[in-house]
Amino acid sequence: MIKAVRGTRDLLPPETALWNFVESAVRDVFRAYNFQEIRTPIFEATELFARGVGEETDIVSKEMFTWNDRGPLDSGDAFIPGPTFDRVREHASAKEEESRRRVQSLTLRPENTAGVVRAYIQHDLEKRGLNKLFYIGPQFRRERPQKGRYRQFFQIGAEVIGPPSAGSESPARDAEVLEMLATLLDRLGITGWTLELNSVGSAADRARFNAALRASLVPVLGQMCSDCQRRAVTNPLRVFDCKVPADQPLIETLPRISQFLDNDSLRHFEAVQEILTKVGVPFTLNDRLVRGLDYYTRTAFEFTHGALGAQNAILGGGRYDGLSEALGGPPAPGIGFAIGEDRLVMSLQESAESVMKKPNVYIAPLGAGMNAETARLARELRRHDLIVDLGDENFRLKKSFEAATKAGAKYILIVGENEVKADVFSLKNLATGEQVSVPRAELAKKIQA
RNA sequence: GUGGGAAUAGCUCAACUGGCAGAGCACCGGACUGUGGCUCCGACGGUUGCGGGUUCGAUUCCCGUUUCCCACCCCA
């Protein structure tokens, strides 16, 4: 049997109803803040992620699905039967050299911010001023699968990006995005979330902080865990993520980014807090909160939820004022976030069953020739926005009743010879047992009531 | 990538120190030929994840492998 490959999965009904519930809530809420949808390709040039996410990050260095695409003469790593492939190569050998020159390393997107910023640059979106864009879609990382962590996973994200003159740098944007997220979680009925907030400063702040941090680590490093010793070399900020109890006193003595914020960063951070307080969005300051991706500056945040085990972060994001320029674009400060949709769905209290719409009516054809009659009736009723399911003329009535009940239909409509002859149909409420005769013209109205 | 646990019917799970692979639910049929849910009866359902080994005999013990789960690493 061929199965879904490692780290991927099928989303089946009724769970898919829950996904739709989440996504339509997202579209509603984001729309109220004037965000519009963007869809970028699920694969991009590898270089985009190397430059945008950071060469040294775990994502880029070991978690990407990357392959060489060799231009139009073959399909890269796709399976091609030998003989056909050889024939193609023979006749194409003259063009092979050219094909080889077109070799390009491609990668399934491990996140979506880089793609959005790429599109922003490519289509000159700066000319539209401030852009508020959101996306919903699959992302891919070659990690060890775990609950709430898949190799194909889904993210819902949004980005506010534009030229500084459009206000893209303003702390008002940070606060607006955070308030929008609080609204979304509330709307979804998710309680018990925590917003953790920090500022990681400007690029210059981080450079000074990094130098100081490295210097402070030198004398104590020998006493720290092996993970921290490794982090100190690869990514010193991550030392703050350490959970080893013995290391905590040492970590407490290390400098904090908050001590290195320049006046602009400080004012920005304070302004964000002030607005959040005023609009009533609760938050917790966490000066050990760091972000894994290179492009983050200033505001960094995470929403966590206790019921998710070790994978407790339900969404994360922050400001990335230098990303556009790092990708060769114009100055375009921005702030964004990504929600782990798989985890979000997991943390929902509602059962999938409760958000799935049930059929309004199940039509039961009764006897030879009735399929045609019911098809016609179903078409009429569906045009009135009713959810209609139907049986088959060979079903015994009992079987239709059982199918209607199982489908959760509110009514069953019986269509037999007597009904067709009179053009009056038997409509029974499956919950109350009440049954009435209804003329064709009044059916939709009666069912809707 | 590292460490640990698990895998048996569509689903949830049993099966004693190695001895005929089972139950509940679901599904299908019947009791009941144009009136469901409840009840009763019956039927269907398995390469015990896959491959090897030990044994008269393996769901059970051993080795390998795949996948999932838990914890790391890291991250949404």
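So that the names make sense, note that chain A is the first sequence line, chain B the second, and so on, each numbered from 1. Below, each value reflects all heavy atoms present in this structure, side chains not excepted, and no hydrogens, waters or symmetry copies.
In this structure, Lys3(A) atom NZ and rU65(B) atom C1' are separated by 12 Å, rounded to whole Å. At whole-Å resolution of the value, CE in Met346(A) and C1' in rC69(B) are 12 Å apart. Summarising the geometry, the separation between CZ on Phe153(A) and P on rA76(B) is reported as 9 Å, rounded to the nearest angstrom. Across the protein-nucleic acid pair, Lys428(A) atom NZ and rU35(B) atom P stand 9 Å apart, rounded to whole Å. Spacing between atom CD1 of Ile136(A) and atom P of rA76(B) amounts to 18 Å, rounded to whole angstrom units. A straight line from CG of Asn394(A) to P of rU33(B) spans 17 Å, rounded to a whole angstrom. Here rG36(B) presents its C1' atom at 7 Å from NZ of Lys398(A), a figure rounded to the nearest Å. When rounded to the nearest whole Å, the span between CD of Glu402(A) and P of rG29(B) equals 8 Å.
Side-chain nitrogen and oxygen atoms of Arg343(A) include none within less than 4.0 Å of the OP1 or OP2 phosphate oxygen of rA76(B). One finds no side-chain N or O of Arg144(A) lying less than 4.0 angstrom from the OP1 or OP2 phosphate oxygen of rC69(B). Remark: Arg396(A) is not in phosphate contact with rC32(B), judged by side-chain N or O atoms under 4.0 Å from OP1 or OP2. Residue Gln435(A) places none of its side-chain N or O atoms closer than 4.0 Å to OP1 or OP2 of rU35(B).
Taking CG of Leu106(A) as the start and CG of Asp69(A) as the end, the distance is 5.0 Å to the nearest 0.5 Å. Atom CE in Met64(A) sits 10.5 Å away from atom CZ in Arg141(A) (nearest 0.5 Å).
Base-pair partner of rC68(B): rG5(B) (Watson-Crick or G-U wobble, both distances under 3.5 Å). For rC11(B), the paired nucleotide is rG24(B), the pair qualifying as Watson-Crick or G-U wobble because both relevant distances are below 3.5 Å. In this structure rU35(B) sits in no base pair that meets the Watson-Crick or G-U test at under 3.5 Å. If you check rG57(B) for Watson-Crick or wobble pairing at under 3.5 angstrom, you find it has no partner at all.
Salt-bridge check for Asp28(A) with Arg187(A): passed, with a basic side-chain N closer than 4.0 Å to an acidic carboxylate O.
Between Phe401(A) and Arg142(A), the residue anchored closer to the 5' end of RNA chain B is Arg142(A), taking for each the nucleotide with the nearest heavy atom. Toward the 5' end of RNA chain B, the nearer of the two residues Lys406(A) and Glu63(A), judged by each one's closest nucleotide, is Lys406(A).
The C1' atoms of rA23(B) and rA31(B) are separated by 25 Å, rounded to the nearest whole Å. On the C1' atoms, rG52(B) is 28 Å away from rA14(B), given to the nearest whole Å. Using P as the reference atom, rG45(B) and rG29(B) are 16 Å apart when rounded to the nearest Å. Look at the P atom in both rG18(B) and rU59(B): the space between them is 13 Å, to the nearest Å. Comparing rG64(B) with rC56(B), their C1' atoms sit 26 Å apart, to the nearest whole Å. Comparing the C1' positions of rU65(B) and rC73(B) gives a spacing of 24 Å, expressed to the nearest Å. Taking the P atoms as reference points, rC62(B) lies 16 Å from rU54(B), given to the whole Å. Across rU12(B) and rA7(B), the matching P atoms stand 13 Å from one another, rounded to whole Å.
Gly408(A) comes within 4.0 angstrom of no nucleic acid atom, judged by non-hydrogen atoms across all strands. Contact annotation for Glu143(A): base contact, defined as any heavy-atom pair under 4.0 Å involving a base atom. Ile339(A) comes within contact range of no nucleotide atom at all, as no heavy-atom separation falls under 4.0 Å. Among the heavy atoms of the strands lying under 4.0 Å from Asn418(A) is at least one base atom, whether or not backbone atoms are also near. At the heavy-atom level, Ile414(A) lies under 4.0 Å from base atoms of the strands shown. Contacts of Lys399(A) with the nucleic acid, taken as non-hydrogen atoms under 4.0 Å apart, involve only primed sugar atoms and P, OP1 or OP2. Across all strands, Gly433(A) comes closer than 4.0 Å to base atoms (heavy-atom distances).
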query = Can you check side-chain hydrogen bond (donor to acceptor under 3.5 Å, both in side chains) on Glu55(A) and Ser61(A), steps first, answer last?
reply = CA-CA 6 Å; Glu55(A) 200 87 56; Ser61(A) 63; over 6 Å; no

task = Could you walk me through whether Lys132(A) and Ile161(A) pass the side chain to side chain contact (heavy atoms under 4.5 Å, CB included) test, one step at a time?
result = CA-CA 7 Å; Lys132(A) 291 172 147 182; Ile161(A) 183 170; over 6 Å; no

request  = Start with the C-alpha distance between Phe260(A) and Phe209(A), add both sets of side-chain angles, then the distance that settles ring-ring contact (aromatic ring centres under 6.0 Å, His included), and finish with yes or no.
outcome  = CA-CA 6 Å; Phe260(A) 291 81; Phe209(A) 170 60; 5.5 Å; yes

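Put simply, the side chain of Glu417(A) and the base of rG34(B) share no donor and acceptor less than 3.5 Å apart.
Of the N and O atoms on the side chains of Ser202(A) and Asp205(A), at least one donor lies less than 3.5 Å from an acceptor on the other residue.
Between Phe30(A) and Phe337(A), the angle of the ring planes goes over 60°, which puts this pair in the perpendicular group of the 30/60° scheme.
With distances taken from any side-chain atom of Ala313(A) to the nucleotides rA76(B), rC69(B), rG36(B), the minimum falls on rA76(B). Ranking rC74(B), rC69(B), rG36(B) by closeness to the Arg149(A) side chain, first place goes to rC74(B).
Taking the ring axis of Tyr150(A) as reference, the NZ or CZ atom of Arg9(A) stays within 45° of it and closer than 6.0 Å to the ring centre.
The stretch residues 30-48 of chain A has no heavy atom under 4.0 Å from RNA chain B, so no residue of it qualifies as close.
Across Glu159(A), Gln139(A), Gln155(A), Glu44(A), a single residue satisfies side chain to side chain donor-acceptor pair (under 3.5 Å) together with Asn112(A), and that is Gln139(A).
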